[in-house]
S.K.: 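First the structure, then my questions, so here it is.
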Protein chains: 2
Amino acid sequence: MKRATIKDVAEAAGVGVATVSRVLSGGSASPQTRERVLAVAAQLDYRPSALGRNLRQQRTGGMGLLLPDLTDSFYGQLAEGVLACARSAGEPVVIGSTADDPEQEAELIGMLLEQSVDRLIAVPCGDADTWRPALKAGMTVVFADRLPPEPDPGTPQPDPAGAAPESELEGALSGVSSAALSELMMLDGVGALPGARPAAPRPAVRPLDVPAVLTDDRSGIRTAVQYLRGLGHRRIAYLGGPGRERRVEAFRQAVGGVPDEELIVFSDGSRDSAYAAASGLFQTRPDLTALVAGGNMLGEAAVLAARELDLRVPRDLSVVMYDDVPWAELCSPPLTVIAQPARDMGYRAAELVLRAGSRRPRSVLLPTELVIRGSCGPRL
Amino acid sequence: MKRATIKDVAEAAGVGVATVSRVLSGGSASPQTRERVLAVAAQLDYRPSALGRNLRQQRTGGMGLLLPDLTDSFYGQLAEGVLACARSAGEPVVIGSTADDPEQEAELIGMLLEQSVDRLIAVPCGDADTWRPALKAGMTVVFADRLPPEPDPGTPQPDPAGAAPESELEGALSGVSSAALSELMMLDGVGALPGARPAAPRPAVRPLDVPAVLTDDRSGIRTAVQYLRGLGHRRIAYLGGPGRERRVEAFRQAVGGVPDEELIVFSDGSRDSAYAAASGLFQTRPDLTALVAGGNMLGEAAVLAARELDLRVPRDLSVVMYDDVPWAELCSPPLTVIAQPARDMGYRAAELVLRAGSRRPRSVLLPTELVIRGSCGPRL
DNA sequence: TTGAAAGCGCTAACAG
DNA sequence: CTGTTAGCGCTTTCAA
């Protein structure tokens with residue numbers, strides 16, 4: 001039993017296919033025609049085929065979603081946000097996971113292009129060159145959670161917002177009422193995120209001009225570092241993951257002075273590498289008393305490594321982790337975290353990519369919140 | 001700059017479109033023609049449009065994936081498995097999350113039908129009626145992790161494999177070499193999972209005949225219960241989630257005798273409901289000494305509720321949780337779990353749904369493993 | 001308000 | 001081995 005086509009409906013209703021199409025997409029038609037068509041369509045259990053429509057319109061509906069790892073609760077939450085928005089719009093979502101590997105990312109972009117998916121939400125890992133093809137092909141792209149690494153300009157770039165603003169949020173919003181602060185923040189052109197310095201000569205190759213939904217990393221990190229400093233900690237380490245340059249930068253800035261680079265270590269996206277990095281750090285620098293983990297998988301690794309080395313949290317080591325995830329509370333002690341509104345980020349990114357008409361939508365910067373639990377203590 | 005079509009390539013190469021199509025899909029062509037076409041295609045950066053192909057073939061490639069909740073690490077891992085397989089096949093995956101709500105599930109199925117996605121992997125929550133439309137439409141469906149609830153037959157159904165077999169695995173494999181036991185298990189017709197009793201009169205409405213990738217719940221639960229009993233526990237409670245009838249049944253059977261139904265409580269898919277259920281259970285039955293949580297979100301809730309009520313684990317309460325998730329180790333104490341090969345399940349489900357020719361593929365039953373950590377102790 | 005007709009890009013059947 | 005051609009189901013001019 002084959003599916004009914006628009007032609008079947010047209011014949012059964014004694015009208016032309018164009019009329020059926022119009023009725024079903026809310027075009028104009030006389031009431032009686034409309035009613036008849038609707039009745040017949042329902043009776044035949046007609047479902048318009050997306051295939052025909054897509055070919056005709058030269059575009060697949062819905063959106064793509066590219067994430068590093070669905071195993072990471074943060075991205076799981078982000079994805080749920082996207083799906084929630086897509087569902088309410090009745091749009092399909094094509095998902096792909098990149099494992100933070102630019103090559104896989106490029107492949108997935110190619111696949112989406114082949115499918116004529118022209119809207120894409122991504123947590124990018126590749127650089128501008130990975131992304132240019134998608135943009136040139138006319139895809140509407142929205143980045144979430146982070147931006148592609150900027151091509152390193154010749155001269156080391158000073159903080160884009162000028163002299164170390166209190167936070168990105170404030171930087172972007174200087175002169176805005178504090179009521180607006182609690183609102184979701186808008187800013188334009190993510191390439192030059194905060195206070196666009198009109199005169200500053202940027203490198204000729206301007207980064208990508210793609211809207212993004214980000215959280216205020218600078219403020220998140222700064223709050224955490226200040227909190228730790230307030231507890232007396234001086235040797236604070238940072239454990240970072242891939243694509244997180246903004247956070248590291250924020251960390252360097254927050255600790256102030258000449259940062260002790262040995263206290264800043266990185267891993268790639270895998271659990272193993274995170275564990276190795278954490279473990280290595282603890283062993284080479286037993287003098288550190290606090291750690292900021294730049295992501296929940298890193299926090300996981302840090303807690304595990306600390307336990308393995310018999311470092312007691314928070315007695316021997318204070319830990320703050322980026323991302324609030326369900327298990328943070330189950331941990332012993334419960335982890336103090338920098339919470340990001342993961343689900344909202346996904347939802348808003350989906351909104352952006354769906355609403356995007358011809359105009360490029362604006363970027364969104366969401367606030368973070370330091371959730372104090374039990375993993376930080378005074379320096380002893 | 002528009003994308004090149006097959007026609008452009010044909011013209012530029014001085015051949016017909018059919019030839020291009022043939023060359024690109026590995027059909028026969030003379031070496032020089034092939035070479036020329038390939039060269040031109042590369043030169044024009046030609047990418048075949050899935051739109052045209054899909055319409056022509058009346059089917060969208062790739063597969064759908066329906067999960068209850070991406071926030072649940074178990075499903076995140078499952079999804080990663082599916083994506084890994086899909087990626088290596090170059091196939092797109094359309095994802096949807098149902099929140100264990102049959103209505104949303106039905107809607108998503110409808111959406112996939114509209115997209116002509118004809119392969120679907122699902123952790124089902126709706127019953128047979130929800131799924132029949134998809135099957136009637138000719139979708140190749142593979143269930144993962146669980147099956148739709150069976151329509152309750154008039155007479156209470158005895159254990160389908162006869163007199164309480166040691167486990168589903170063994171039940172399905174009686175007479176099979178023990179070497180094969182460590183292999184992935186095959187069995188036919190999931191509707192009548194284990195030892196198909198030829199003579200037994202089943203209800204007229206046979207359940208769905210859909211292949212599935214499951215784990216051996218019976219053995220998983222039984223092992224856990226036996227472990228707890230070995231530690232001296234007698235009042236063992238079970239905290240269950242939606243769509244988990246097999247596990248509860250296994251639990252009832254494992255505890256033997258007349259189960260104390262008050263010790264068996266359920267929640268829906270949400271964290272809140274799980275917490276409420278756990279908390280309620282602990283308060284109404286302070287005499288229980290051990291708990292089996294039928295899923296990782298339930299385990300999470302149980303640990304939280306126990307902590308809230310000042311029940312020490314494992315001193316006051318021993319806990320075994322279904323699903324091994326990264327945070328199980330971070331928990332204090334680290335949780336003893338029934339581990340399922342989540343990623344493999346996803347991968348294998350994807351294999352099944354992709355390999356499915358006209359023949360219905362066989363079901364797969366994977367083993368579980370009791371991972372003993374620190375959340376269980378002797379009854380005091 | 002309505003219908004006829006022209007494709008969108010591709011594959012498969014058929015003819016050469 | 002290769003080219004021509006007929007659609008797949010739909011939307012969208014363009015006339016009527």
Side-chain angles (χ1 to χ4, degrees), chain A residues 1-38 40-41 44-62 92 111-118 137-138, chain B residues 1-38 40-41 44-62 92 111-118 137-138:
Chain A
M1 183 182 90
K2 272 193 56 207
R3 243 169 69 180
T5 75
I6 198 175
K7 208 173 145 202
D8 300 327
V9 177
E11 279 173 9
V15 299
V17 290
T19 303
V20 177
S21 176
R22 266 186 233 109
V23 168
L24 264 45
S25 44
S28 64
S30 78
Q32 57 262 49
T33 308
R34 166 179 307 283
E35 198 176 345
R36 191 149 33 96
V37 168
L38 254 24
V40 170
L44 292 186
D45 191 30
Y46 169 67
R47 309 183 66 88
S49 156
L51 260 35
R53 185 189 359 215
N54 291 347
L55 177 55
R56 174 60 221 243
Q57 309 191 143
Q58 293 290 71
R59 52 186 299 277
T60 296
M111 189 263 279
L112 292 172
L113 247 24
E114 202 160 307
Q115 305 288 327
S116 300
V117 172
D118 63 351
Chain B
M1 183 181 91
K2 273 193 53 206
R3 243 171 69 180
T5 73
I6 198 174
K7 208 173 145 202
D8 299 327
V9 177
E11 279 172 10
V15 299
V17 290
T19 303
V20 177
S21 175
R22 266 185 232 111
V23 168
L24 264 46
S25 42
S28 63
S30 80
Q32 56 261 52
T33 309
R34 165 179 307 282
E35 198 175 346
R36 192 149 33 95
V37 168
L38 254 25
V40 170
L44 292 186
D45 191 31
Y46 168 68
R47 308 182 66 88
S49 157
L51 259 36
R53 181 179 339 138
N54 290 346
L55 177 55
R56 175 61 224 243
Q57 309 193 143
Q58 292 291 69
R59 50 186 300 276
T60 296
M111 189 263 279
L112 292 171
L113 247 24
E114 201 160 308
Q115 306 288 330
S116 300
V117 172
D118 63 350

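Protein chains get the first letters and strands the later ones, always in sequence-line order, with residue 1 at the start of each. Just so it is clear, the model here is predicted, and its values are computed rather than measured.
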S.K.: Between Q57(B) and P31(B), which is nearer to the 5' end of DNA chain D once each is assigned its nearest nucleotide?
M.R.: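 Its nucleotide being nearer the 5' end, the pick is P31(B).
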S.K.: Is there a donor-acceptor pair closer than 3.5 Å between any side-chain N or O of R36(B) and the backbone N or O of V15(B)?
M.R.: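 No, because the side chain of R36(B) does not come within donor-acceptor range (under 3.5 Å) of the backbone of V15(B).
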S.K.: It should be established whether K2(B) places a side-chain nitrogen or oxygen under 4.0 Å from OP1 or OP2 of nucleotide dG9(C).
M.R.: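 Checking K2(B) against dG9(C): at least one side-chain N or O falls below 4.0 Å of OP1 or OP2.
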S.K.: Look at the side chain of A18(B) and decide which nucleotide, out of dT2(C), dA13(C), dG9(C), has an atom nearest to it.
M.R.: dA13(C)
S.K.: Using the side-chain heavy atoms of R56(B), tell me which of these nucleotides is nearest: dT1(C), dG7(D), dC1(D).
M.R.: dG7(D)
S.K.: Does S28(A) place a side-chain N or O at less than 4.0 Å from the phosphate oxygens OP1/OP2 of dT1(C)?
M.R.: yes
S.K.: By the 4.0 Å heavy-atom rule, please label S21(A) as base, sugar-phosphate, or nothing.
M.R.: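 Answer is base: heavy atoms of S21(A) come under 4.0 Å of a base.
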S.K.: Checking all strands, does G27(A) fall into the base, sugar-phosphate, or nothing category for heavy-atom contacts under 4.0 angstrom?
M.R.: nothing
S.K.: Starting at CD of E35(A) and ending at P of dT2(C), how long is that distance when rounded to a whole Å?
M.R.: 13 Å
S.K.: Just how far, in rounded Å, is C1' of dT2(D) from CD of E11(B)?
M.R.: 16 Å
S.K.: Within the side chain of R53(B), is there an N or O that forms a donor-acceptor pair under 3.5 Å with the backbone of G61(B)?
M.R.: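 Answer holds: no.
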S.K.: Output the rounded distance in Å from CZ (R22(A)) to C1' (dA4(C)).
M.R.: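 About 11 Å, once rounded to whole Å.
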S.K.: Does a side-chain N or O of T33(A) approach OP1 or OP2 of dT2(C) to a distance below 4.0 Å, or not?
M.R.: yes
S.K.: Measure from the side-chain N and O atoms of S49(A) to the backbone N and O of L51(A), and report whether any donor-acceptor pair falls under 3.5 Å.
M.R.: yes
S.K.: Calculate the interatomic distance between L51(A) atom CG and dT11(C) atom C1'; express it in whole Å.
M.R.: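 Rounded to whole Å, this separation is 14 Å.
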S.K.: Reckon A29(A) touches a base, only the sugar-phosphate, or nothing at all at heavy-atom distances under 4.0 Å?
M.R.: sugar-phosphate
S.K.: Expressed in angstrom and rounded to an integer, what is the separation of R3(A) atom CZ from dC10(D) atom P?
M.R.: 8 Å
S.K.: Tell me whether the side-chain N/O atoms of T19(B) come closer than 4.0 Å to OP1 or OP2 in dG3(D).
M.R.: yes
S.K.: Mind calculating the distance between CG (D8(B)) and P (dC10(C)) to the nearest angstrom?
M.R.: 9 Å
S.K.: Sub-3.5 Å donor-acceptor pair from the side chain of R34(A) to the main-chain atoms of G27(A), do we have one?
M.R.: yes
S.K.: Just verifying a value: how many Å separate N54(A) CG and N54(B) CG, rounded to the nearest 0.5 Å?
M.R.: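 With rounding to 0.5 Å, CG (N54(A)) is 8.5 Å from CG (N54(B)).
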S.K.: Describe the nucleic acid contact of V15(A) in one word from base, sugar-phosphate, nothing, applying a heavy-atom distance below 4.0 Å.
M.R.: sugar-phosphate
S.K.: To the nearest angstrom, how far is L55(B) atom CG from dA6(D) atom C1'?
M.R.: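 Going from CG in L55(B) over to C1' in dA6(D) covers 13 Å.
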S.K.: Using a cut-off of 4.0 Å on non-hydrogen atoms, how would the nucleic acid contact of I6(A) be classed: base, sugar-phosphate, or nothing?
M.R.: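 It contacts base atoms.
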S.K.: For A29(A), is there any backbone N or O sitting under 3.5 Å from a side-chain donor or acceptor partner on R22(A)?
M.R.: no
S.K.: How many Å lie between CZ on R53(A) and P on dG9(D), as a whole number?
M.R.: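 After rounding, the reported distance stands at 14 Å.
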S.K.: Would you mind classifying the nucleic acid contact of G16(A) as base, sugar-phosphate or nothing, using non-hydrogen atoms under 4.0 angstrom?
M.R.: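 Sugar-phosphate, backbone atoms only, no base.
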